[in-house]
Number of protein chains: 2
Amino acid sequence: MQKPVQKRTLKTRARLLAASVEVVARNGYEALRVEEVVQAAGVAKGTFFAHFHDKDALMEILIGERLAACFDEVEGGAAPKTVDQIIAALEPIHSVMTSERYVFDLLLRYSGATAITEIGPIAHCFERYFRVVSGWLETADVRQDISADLLAEGVQAFAIQAMSLRFCALHSATTFTDRLQVYLEAWLTPAA
Amino acid sequence: MQKPVQKRTLKTRARLLAASVEVVARNGYEALRVEEVVQAAGVAKGTFFAHFHDKDALMEILIGERLAACFDEVEGGAAPKTVDQIIAALEPIHSVMTSERYVFDLLLRYSGATAITEIGPIAHCFERYFRVVSGWLETADVRQDISADLLAEGVQAFAIQAMSLRFCALHSATTFTDRLQVYLEAWLTPAA
DNA sequence: ATTTTTTATTGACCATGGTCACTTTTTGAT
DNA sequence: ATCAAAAAGTGACCATGGTCAATAAAAAAT
């Protein structure tokens with residue numbers, strides 16, 4: 001996968017990815033079947049697994065790309081200063097992350113790199129989330145007693161918590177945004 | 001499943017659970033195969049799925065029971081007052097939760113109730129986690145500007161974050177306990 | 001006791017992700 | 001151009017979770 005020298009390889013991989021995007025567009029991520037993808041791409045099943053270690057690896061790429069596009073957009077704008085602005089700025093990212101329960105579960109599963117040598121697309125996204133938020137917090141209107149990095153880790157933890165509860169029937173009284181706002185105000189601008 | 005009136009049903013279910021515990025004891029949760037369980041229990045495969053909706057439902061029960069035992073133990077002790085004491089008190093629970101990556105992933109996946117009518121064993125555990133910690137925080141040496149409930153939600157979020165990073169090769173420099181301590185001090189006793 | 005009805009069990013079968021020995025294609029050396 | 005070696009592709013096959021019509025057992029009705 002590191003050195004796809006042959007032109008054929010690139011073309012096959014591109015066909016597989018294009019077919020996957022198409023299949024996902026039709027029925028969502030969860031409903032994607034490898035069989036469907038290889039048929040749409042016109043290759044054999046074995047070829048799929050020569051290009052992607054497993055189905056999850058393909059999903060990582062697809063979802064990772066979508067999130068990367070979100071990050072590009074988000075980083076294009078001005079750095080948010082307040083809690084409300086931060087939540088608003090992150091909204092497109094959180095929206096994609098919670099677009100499907102299946103997607104969110106997969107994100108959590110691959111949020112950390114298993115081995116140092118292979119940092120997957122999703123782990124990259126979480127790294128980027130951390131860096132972006134940390135960058136904002138350095139000049140934002142927030143508590144200064146702890147580092148922006150630590151604050152950013154907390155923002156990530158609370159965002160994940162709020163997204164988790166979004167899928168939970170028990171806590172559906174509060175909306176995702178409202179909950180995240182309560183969390184982040186308590187975390188970023190404590191009054192104690 | 002609600003009304004197992006027949007004695008036979010209870011016996012079969014008990015045999016399946018006992019066999020499962022045995023299988024898990026031998027090779028861990030991840031390696032459990034339904035085929036292995038039904039063979040050990042001496043029943044047909046279909047019987048398994050008449051008693052448990054799917055493999056995950058069995059896992060929820062097994063892991064839920066283990067966690068419940070931890071909670072019983074933890075709740076038996078005195079209420080911790082400081083961050084260090086809280087971390088120490090929760091240690092047995094966090095230990096089980098991170099005993100296997102497979103277990104942790106499953107916990108995250110079922111931490112929320114899908115439907116209000118059916119709160120699974122794992123969702124119950126997280127509810128209990130929340131209640132226990134919230135109870136402690138009411139009389140603990142922590143910030144008082146926000147409710148104990150909100151503080152407890154944060155503790156849960158940070159604990160999950162710390163546990164996640166425990167499985168992440170990128171952030172293995174810091175240990176789980178150290179990281180959680182940094183988080184909770186910043187969350188529960190902010191100096192700003 | 002016999003029949004009927006409800007409940008539990010069975011195992012052949014299916015769906016789907018993943019493997020691998022073999023074939024085909026490409027590349028590079030002669 | 002020809003051939004040997006390397007890379008890519010193939011599809012029959014496997015592993016495993018899950019289904020369901022048929023069967024057996026238990027409970028209720030007669």
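Values below: all heavy atoms of this structure, side chains included; hydrogens, waters and symmetry mates excluded. These figures come from a predicted structure and were not determined experimentally. All chains are named by letter (A, B, ...) in the order of the sequence lines, taking the proteins before the strands, and each is independently numbered beginning at 1.
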Colleague: Find the distance B/R13:CZ to C/dT7:C1' and express it as a whole number of Å.
Modeller: 16 Å
Colleague: In chain order, what residues pass the side-chain hydrogen bond (donor to acceptor under 3.5 Å, both in side chains) check against A/D149, with sequence neighbours excluded?
Modeller: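 By the side-chain hydrogen bond (donor to acceptor under 3.5 Å, both in side chains) rule, A/D149 matches A/S134.
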Colleague: Check whether any side-chain heavy atom of A/I86 lies under 4.5 Å from a side-chain heavy atom of A/L188, and answer yes or no.
Modeller: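 Of all side-chain heavy-atom pairs linking A/L188 with A/I86, at least one is under 4.5 Å.
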Colleague: Using a side-chain heavy atom cutoff under 4.5 Å and only I, L, V, M, F, W and Y, what cluster partners does A/F130 have?
Modeller: none
Colleague: Mind running a 4.0 Å heavy-atom check of residues 22-33 of chain A against DNA chain D and sending the residues that fall below it, in number order?
Modeller: none
Colleague: Return no unless some side-chain N or O of B/H51 is found under 4.0 Å from OP1 or OP2 of C/dA8.
Modeller: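 It does not, given that no N or O in the side chain of B/H51 lies less than 4.0 Å from OP1 or OP2 of C/dA8.
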Colleague: Excluding sequence neighbours, so at least two apart, what forms side-chain hydrogen bond (donor to acceptor under 3.5 Å, both in side chains) with B/D84?
Modeller: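 By the side-chain hydrogen bond (donor to acceptor under 3.5 Å, both in side chains) rule, B/D84 matches B/Q181.
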Colleague: Restricting to pairs with a member in residues 122-139 of chain A, which pass salt bridge (charged side-chain N to carboxylate O under 4.0 Å, His left out), not counting sequence neighbours?
Modeller: A/D72-A/R128, A/E75-A/R128
Colleague: Whole angstrom is fine here: how far is it from CG in A/L10 over to P in D/dA7?
Modeller: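 Checked: the CG to P distance equals 15 Å.
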Colleague: In this structure, how many angstroms lie between the C1' atom of D/dA8 and the NZ atom of A/K11, rounded?
Modeller: 14 Å
Colleague: Just jot down the salt bridge (charged side-chain N to carboxylate O under 4.0 Å, His left out) partners of B/E73, sequence neighbours excluded, or say none.
Modeller: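 B/E73 satisfies salt bridge (charged side-chain N to carboxylate O under 4.0 Å, His left out) with no residue once adjacent residues are dropped.
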Colleague: Look at the side-chain N and O atoms of B/T12 and state whether any lies under 4.0 Å from the OP1 or OP2 oxygen of C/dA8.
Modeller: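 No, outside the criterion.
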Colleague: By ring-ring contact (aromatic ring centres under 6.0 Å, His included), which residues pair with A/Y129, not counting sequence neighbours?
Modeller: A/H94
Colleague: As a test of reading the structure: which of C/dT9, C/dG11, C/dA8 is closest to the side chain of B/A50, going by heavy atoms?
Modeller: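 For B/A50, the side-chain atoms sit closest to C/dT9.
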Colleague: To the nearest Å, give me how far apart CZ (A/F52) and P (C/dT16) are.
Modeller: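 So the CZ-P distance, A/F52 to C/dT16, works out to 20 Å.
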Colleague: For A/K11, I'd like to know if atom NZ has over 12 heavy atoms of other residues, nucleotides or ligands within 6.0 Å.
Modeller: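 Result for NZ/A/K11: open.
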Colleague: Taking only residues two or more places apart in sequence, or in another chain, which ones meet B/Y29 in a ring-ring contact (aromatic ring centres under 6.0 Å, His included)?
Modeller: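 With sequence neighbours excluded, B/Y29 shows a ring-ring contact (aromatic ring centres under 6.0 Å, His included) to no residue whatsoever.
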Colleague: Sequence neighbours left out, what passes salt bridge (charged side-chain N to carboxylate O under 4.0 Å, His left out) with B/D56? Give chain and number order.
Modeller: B/R109
Colleague: Without placing hydrogens or testing angles, list every side-chain donor-acceptor pair under 3.5 Å for residues 36-48 of chain A, not counting sequence neighbours.
Modeller:
unit_1: A/E36; atom_1: OE2; unit_2: A/R26; atom_2: NH1; d: 3.2

Colleague: Which string of ( ) [ ] | and . matches DNA chain D, if you list each base 5' to 3' and count Watson-Crick or G-U pairs only when both distances are under 3.5 Å?
Modeller: ||||||||||||||||||||||||||||||
Colleague: Figure out the CD/P separation between B/Q39 and C/dT10, and round it to whole Å.
Modeller: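 These atoms are roughly 13 Å apart.
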Colleague: Each nucleotide N or O in nucleotides 18-25 of chain C that has a protein N or O under 3.5 Å away: list the pair and distance.
Modeller:
unit_1: C/dG18; atom_1: OP2; unit_2: A/K55; atom_2: N; d: 2.8
unit_1: C/dG18; atom_1: O6; unit_2: A/K45; atom_2: NZ; d: 3.1

